[in-house]
Amino acid sequence: MSLTSKLILGFVFALVLQVLQMFISGYFAARMQKTTEQVSSSLSASMAVQSAVDAVRDLRMRMQEDVAVGSAHVSPKVYRVYLEEIAAQARVLTSEIGSGHSVNFQAVAKALDGANSELEVLESQVAGKGSIVDEVAFLDDQVGLVGQALLGAQIQVRELAIAGMQRERGMRDLPMRAGIVITLGGVVLMSLFIAWFSRQLVIPIQRAWSELEHRVAARTAELAATVGELEGQIVERRKAEAQKEELHQQLVDASRRAGMAELANGVLHNVGNVLNSVNISAGVLLDRLGQSRSDGLQRAVQLLREHETDLAEFLTTSAQGKKLPAYLEKVAAHLLQERDVLVGEARDLSVRIDHMKDIVHRQQSYARVSGVTSFGRLSAVVEDVLRMQQGALAEHGIRVETKFLWDEEFEMDRSRVLQILLNLMSNARQATVQRGGGEGLIRVDCELVAEQRVRLRVVDHGVGISAENLAKVFGHGFTTKRDGHGFGLHHSANSAAEMGGRLWAESQGEGRGACFCLELPVGVLVAGAQT
């Protein structure tokens, strides 16, 4: 074989080697592309399932909150929006995964159909004023089945995604390994040609290697683009979480406003009690003035004027004249007694009006410093609370005993502390009245339990708290009162936490009273005070 023929044979061999390498690289690149698309579809489906699961959880929480507040707040239209969102995410799941996989789409579709059927029944019950609470419970059970089906689908989708990523990792290095093997084989064979021919035979190998590197770089860029898309989806998810946190803050603000309303309601109640006393005093004044004997005095004066010319003879000889001095004496005594009664009622009326002014003034002073810390003593705050509750406590014959083992001035948010104590005293009073059984007693004590921590307790002998409800009393919307809203203790616990303290309840059970403990940090004491 001539040198030219050998040279041509070498070039043909190099060409075959290059074509083989390109074919293998293209084959593995196609398989990796397919595997990457499957992984991307699995990730998209997983996010859709997660969104549907979140919607199921939010829907169930919404239904539970609506039922807890009252059947009037049940809104099938809102539930319909949640179910449509879940169905939309289920369609995304189906379109991303497609057929030929082990994901059980039929279970999700069947559960959704059942939830829609239950929602239609609930809508008919709301329109017909039927048993709404039971239908909401049935709908909640069906939505729970939807959540279970979605969780099953989510597990299956994750298994597909994990399997796809494992295949992708296993195939990622195959093109390079195959290229290396082919290159090494080509190098060995071409070394023989290089020994026979010139170094120009190495050039095709260098070109093939460069092309392989170019393909690897292009594939790396595609993977980087995919990662960028996933990062964008993560950013959207964080935005959704930020919106959720904003809604939570709005809920906290609503609870705080409800606590302020509770404080205002207590002030209005005390003012109303004083107004009742004012009305009674005003009625007594009107009755006394209506029964006044001043007209009798006027008749006596008129009689004296009629006998101005013979007044001495009239008073000494006439039977009517003889009785007149004694009658005037009785009228004078009655008028003096009447004056004392009217003065007493007027003085009592002035005291009650001053009491109303004091209640309003204290409410205004606390409203002005809301959210601002200042130095003060807990005993002063407790005294203000007792003055605000004085009318309601006296109305039911409830005594309050206070004991302060520690009462130094320290920096605190007086408005928040007053709201918490007012709520605790109101609850203790209501629990005592509800239990009945004669005179009631509420104890308030304060002590330093640890360094830089002070504990104030409100103890009543009322209806008590069951062990089951003891862990729920601070939950949002939870209440055992017919006219309660479930905001008071929840807001009080949040306020205590925001001040760096905590609020908890203790009870031996129903009928055995309860104890609410408020613990606050004593971070800054007034100059010269000792703990």
Side-chain angles (χ1 to χ4, degrees), residues 39-69 73 75 77-93 95-96 108 115 140 143-144 146-148 150-151 153-155 157-158 161 165 223-261 370-373 413 416 419 472 474-478 485-503:
V39 172
S40 179
S41 298
S42 299
L43 291 176
S44 299
S46 179
M47 294 182 67
V49 173
Q50 184 61 44
S51 298
V53 170
D54 293 342
V56 168
R57 184 184 65 250
D58 294 341
L59 174 55
R60 299 189 72 184
M61 291 177 62
R62 176 59 184 268
M63 290 189 293
Q64 292 174 3
E65 291 176 356
D66 290 346
V67 170
V69 175
H73 291 78
S75 178
K77 292 183 179 180
V78 176
Y79 305 159
R80 176 69 65 184
V81 173
Y82 277 103
L83 286 180
E84 289 177 354
E85 174 62 20
I86 296 170
Q89 296 300 331
R91 288 193 294 271
V92 172
L93 167 65
S95 62
E96 290 293 340
V108 178
D140 182 69
V143 171
V146 174
Q148 293 176 2
L150 287 171
L151 289 175
Q154 187 178 37
I155 294 173
V157 169
R158 287 180 179 174
M165 287 188 289
L223 291 175
T226 302
V227 171
E229 293 178 358
L230 292 177
E231 288 178 349
Q233 295 175 358
I234 293 174
V235 170
E236 293 296 328
R237 182 66 179 272
R238 288 177 178 174
K239 289 181 179 178
E241 291 177 353
Q243 293 176 355
K244 182 179 179 181
E245 181 65 24
E246 183 179 357
L247 291 176
H248 174 72
Q249 186 61 39
Q250 292 176 1
L251 181 61
V252 172
D253 293 339
S255 298
R256 184 175 291 109
R257 288 192 295 270
M260 293 298 294
S370 178
V372 179
T373 60
D413 189 336
R416 286 186 176 180
Q419 290 181 29
K472 302 178 182 178
F474 298 102
H476 180 266
F478 178 82
H485 47 63
F487 281 172
L489 289 178
H490 176 73
H491 171 68
S492 298
N494 289 340
S495 296
E498 291 171 0
M499 291 187 292
R502 64 189 185 108
L503 177 65

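- Proximity of Met63 to Val143: side-chain heavy atoms (C-beta onward) are separated by under 4.5 Å at one or more points.
- Looking at every heavy atom in both residues, Ala115 comes nearest to Val146 through CB-CG2, 4.0 Å.
- Nearest heavy-atom pair, Asp66 versus Tyr79, reported as atom, atom and distance to 0.1 Å: OD2-OH, 2.7 Å.
- Between Asn494 and His490 the shortest side-chain heavy-atom distance falls below 4.5 Å.
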N/O donor to acceptor pairs below 3.5 angstrom from side-chain atoms of residues 48-57, sequence neighbours left out:
unit_1, atom_1, unit_2, atom_2, d
Gln50, OE1, Gln154, NE2, 2.6
Gln50, NE2, Asp54, OD1, 3.0
Ser51, OG, Met47, O, 3.0
Asp54, OD1, Arg57, NH1, 3.1

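- Residues Lys77 and Val81 are not in side-chain contact: their nearest non-hydrogen atoms beyond the backbone lie 4.5 Å or more apart.
- Under 3.5 Å, the side chains of Glu229 and Gln233 contain no donor-acceptor pair of N or O atoms.
- Rounding to the nearest 0.5 Å places CD of Glu498 at 8.0 Å from NE2 of His491.
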Margin query: Please evaluate residues Asp58 and Arg62 with respect to the criterion salt bridge (charged side-chain N to carboxylate O under 4.0 Å, His left out), reporting the C-alpha separation (whole Å), side-chain torsions for both, the decisive distance (0.1 Å), and the verdict.
Written below: CA-CA 6 Å; Asp58 294 341; Arg62 176 59 184 268; over 6 Å; no
